[in-house]
Amino acid sequence: EGVFDRFRISPALFVPGENLIAVELHQRTRGSSDLVFDMEVLVKEPLVPGGQPLKLEWDAVWESGEQGAFTESQEIPSAPIRAGRTYRARVRHQDDTGRWSHWSDALQFVSSEPETTPFEESLVISEFMYHPARATPAELELGYADESFEFIEITNIGAASLDLADLRFTKGVDFDFLGGNITNIDPGDRVLVVADRAAFESRYGGGRSIAGEWQAGDRLSNGGERLKLSFGAGVPIQDFDYLDEAPWPSSPDGIGFSLTLINPHLNPDPRDPSNWRPSAVAGGSPGSLDTISFGTWAAEFGLPLDDPELDNDLDNLGLFREYAQGGSPEGNIPGEGLVDIEVKELLVDRVPAPHLVVSVMRNLAADDIAFHIERNSNSLVGEWEDATDNFVLFSDSQLGNGTAILRYRAPLPTESGHYWRVKFTAK
């Protein structure tokens with residue numbers, strides 16, 4: 001006697017209005033003479049309003065959800081985890097009657113830096129369309145805007161398959177591969193992330209490897225911005241800023257050409273604008289190559305590879321230069337206009353100054369060709385010095401058929417008497 005028992009009664013047993021609570025008491029034995037009775041009903045407001053999930057110390061950055069089978073360990077995806085931060089994990093279990101246990105004590109840990117070398121060495125952003133050609137009337141009828149046709153392409157240049165589940169785009173656009181259609185990329189394969197799949201396939205057709213659409217409302221800036229592919233919540237795999245003006249190619253800005261990485265298999269630094277070029281064809285080449293080789297080009301015409309100076313069409317251009325500049329060994333293209341060197345007054349950083357401008361016709365798909373600007377201070381027969389690093393891309397104009405005029409500028413040397421030339425070599 002004197003020890004009170006507590007009973008928890010479900011609110012579901014109560015009804016609106018008057019409720020009757022009946023209590024039965026029993027003596028331990030017939031001869032017992034003591035009995036104590038008192039009753040109190042306590043009503044507490046629920047901590048979690050009806051229909052709302054139970055919230056612990058803070059919002060969870062990741063939850064596994066219910067799992068049908070017991071496992072001794074749980075792998076947490078890297079996407080929501082930032083290196084060096086403190087996290088707490090809890091677990092609870094359900095019995096075979098559907099009742100849940102209490103949450104366990106929290107396991108606290110500090111996340112370490114992930115091993116991302118395989119991704120950094122093997123994954124490149126190989127092409128992206130940041131300012132597509134304007135939507136056609138037919139495309140507008142379907143409800144597609146210009147930005148609906150944006151895309152980003154990544155390529156696995158390594159020798160092993162890579163799991164994309166821990167990767168996401170965190171700058172420029174937001175996209176998590178964990179929830180995408182493709183979470184693995186084999187050697188040599190290309191995977192696309194697009195703004196609008198329906199719009200993309202209406203313009204480019206189906207059959208391409210599309211991981212999914214980035215977050216609704218996102219778009220790549222027409223004026224340039226930061227583009228970042230991350231491991232987990234922010235460890236950089238590819239991270240660079242692009243622009244729509246010199247020294248970056250400008251023709252991808254609105255006339256339908258994409259930005260394409262030159263020789264992506266060499267994993268060039270994407271921060272260097274000289275490692276990018278316009279796509280060889282309008283619309284770009286999402287999911288495929290738009291590059292060729294001198295050997296493939298020569299074989300199309302049934303010409304030998306061991307005589308790069310062969311002038312098959314007598315236009316004073318050897319095979320190698322014809323290939324480098326987008327000519328044809330059968331077209332009898334004259335050499336005038338393929339290279340032009342002149343002095344021009346240019347406005348650079350709002351300051352007018354004389355510059356040396358070198359204009360060169362290029363075969364955009366000829367990534368196996370190196371381009372050099374050389375200087376000779378004495379005579380045409382003296383030693384030539386490579387001055388390419390003194391020049392930056394000034395402008396580019398598409399000519400069609402995979403060719404463009406690229407213009408490079410450099411401050412005019414103070415000394416006179418220089419000779420200049422353009423040289424093409426195999427990479």
Side-chain angles (χ1 to χ4, degrees), residues 246-252 255 257-263 268 273-282 284-285 289-342 344 356-376 380 384 386-410 419-427:
W248 289 78
S250 59
S251 60
I255 60 174
F257 293 86
S258 64
L259 263 180
T260 302
L261 192 64
I262 300 172
N263 291 318
S274 67
N275 288 326
W276 294 89
R277 62 168 174 82
S279 57
V281 295
S285 58
L289 286 170
D290 73 339
T291 184
I292 59 174
S293 66
F294 177 61
T296 302
W297 178 85
E300 291 178 357
F301 299 99
L303 297 172
L305 299 178
D306 56 356
D307 189 5
E309 298 301 322
L310 175 65
D311 185 5
N312 192 61
D313 52 6
L314 303 179
D315 62 354
N316 296 318
L317 295 175
L319 288 182
F320 191 75
R321 186 175 170 194
E322 292 255 29
Y323 165 69
Q325 298 205 258
S328 168
E330 299 175 349
N332 194 29
I333 299 177
E336 293 82 4
L338 296 180
V339 176
D340 189 23
I341 302 175
E342 57 185 331
K344 281 188 174 182
L356 189 68
V357 176
V358 178
S359 303
V360 185
M361 181 186 290
R362 291 294 306 272
N363 177 358
L364 292 173
D367 285 349
D368 56 344
I369 299 297
F371 166 72
H372 306 274
I373 301 174
E374 296 186 330
R375 175 177 60 193
N376 189 315
L380 291 175
W384 289 86
D386 192 337
T388 309
D389 291 342
N390 297 331
F391 288 79
V392 295
L393 184 68
F394 164 47
S395 68
D396 57 289
S397 304
Q398 294 285 340
L399 300 178
N401 299 320
T403 60
I405 297 292
L406 306 183
R407 299 177 183 88
Y408 299 85
R409 61 170 172 80
Y419 297 88
W420 301 86
R421 73 178 183 185
V422 170
K423 183 179 181 180
F424 300 97
T425 60
K427 289 185 180 178

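Quantities reported herein were computed from a predicted structural model and do not represent experimental measurements.
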Exercise. Any side-chain heavy atom of Leu364 within less than 4.5 Å of one from Thr403?
Worked result: no
Exercise. Is it true that a side-chain atom of Thr388 and a backbone atom of Ile373 form a donor plus acceptor pair closer than 3.5 Å?
Worked result: yes
For this session: Quick one: closest heavy-atom pair of Asp368 and Tyr323, and the distance?
Result: OD1-OH, 2.6 Å
Exercise. Rounded to the nearest 0.5 Å, how far apart are OG of Ser250 and CZ of Phe394?
Worked result: 9.5 Å
Exercise. Do the non-hydrogen side-chain atoms of Val358 and Val422 ever get within less than 4.5 Å of each other?
Worked result: yes
Exercise. For the residue pair Tyr408 and Phe371, is the inter-centroid distance of their aromatic rings smaller than 6.0 Å?
Worked result: yes
Exercise. Would a 4.5 Å heavy-atom cut-off, applied to side chains only, mark Asn363 and Ile292 as touching?
Worked result: yes
Exercise. Can a donor-acceptor pair be found between the side chains of Ser397 and Arg407 at a distance below 3.5 Å?
Worked result: yes
Exercise. Aromatic rings Phe391 and Trp420: how do their planes relate, parallel, tilted or perpendicular, breaks at 30° and 60°?
Worked result: perpendicular
For this session: Write down the atom of Pro278, the atom of Thr260, and the distance for their closest heavy-atom approach.
Result: C-OG1, 4.3 Å
Exercise. Do Leu406 and Leu393 have side chains that get closer than 4.5 Å, going by heavy atoms?
Worked result: yes
Problem set entry | From Tyr419 atom OH to Glu374 atom CD, the distance as rounded to the nearest 0.5 Å | 16.0 Å
For this session: Test the Arg421-Trp384 pair against the cation-pi criterion, namely NZ or CZ under 6.0 angstrom from the six-membered ring centroid and within 45° of the ring axis.
Result: yes
Seminar exercise, completed: When rounded to the nearest 0.5 Å, the distance separating CG of Asn390 from CZ of Arg375 is 6.0 Å
Exercise. Any side-chain heavy atom of Gln398 within less than 4.5 Å of one from Ile405?
Worked result: no
Exercise. How many angstroms lie between atom CD of Glu309 and atom CZ of Arg321, to the nearest 0.5 angstrom?
Worked result: 10.0 Å
Problem set entry | Pair Lys427 + Asp367, salt bridge at N-O below 4.0 Å | no
For this session: Identify the heavy atoms of Leu305 and Gly295 that sit nearest to each other, and give their distance.
Result: CD2-CA, 3.5 Å
Problem set entry | Closest approach of Ala282 to Phe257 (non-hydrogen atoms, all atoms of both residues) | N-CE2, 3.4 Å
Seminar exercise, completed: One should read off an interatomic distance between Ser359 OG and Ile341 CD1, to the nearest 0.5 angstrom, of 9.0 Å
Exercise. Nearest heavy-atom pair of Leu319 and Pro304: which atoms, and what distance?
Worked result: CD1-O, 3.9 Å
Exercise. Under a 4.5 Å cut-off applied to non-hydrogen side-chain atoms, are Glu322 and Trp297 in contact?
Worked result: yes
For this session: Ignoring hydrogens and angles, tell me if any N or O in the side chain of Asp290 forms a donor-acceptor pair with the backbone of Ser279 under 3.5 Å.
Result: no
Exercise. Do Val339 and Met361 touch side chain to side chain, with heavy atoms closer than 4.5 Å?
Worked result: no
For this session: For residues Asn263 and Pro268, determine if any side-chain heavy atom of one lies less than 4.5 Å from a side-chain heavy atom of the other.
Result: no
Exercise. Quick one: CG on Leu261 to OG1 on Thr291, what's the gap to the nearest 0.5 Å?
Worked result: 11.0 Å
Exercise. So, does Asn275 use its side chain to make a donor-acceptor pair with the main chain of Ile262 at under 3.5 Å?
Worked result: no
Exercise. Would you call the rings of Phe320 and Phe294 parallel, tilted or perpendicular, where under 30° means parallel and over 60° means perpendicular?
Worked result: perpendicular
For this session: Check Arg277 against Ala280 and note the closest heavy-atom contact, atom names and distance.
Result: NH1-N, 3.5 Å
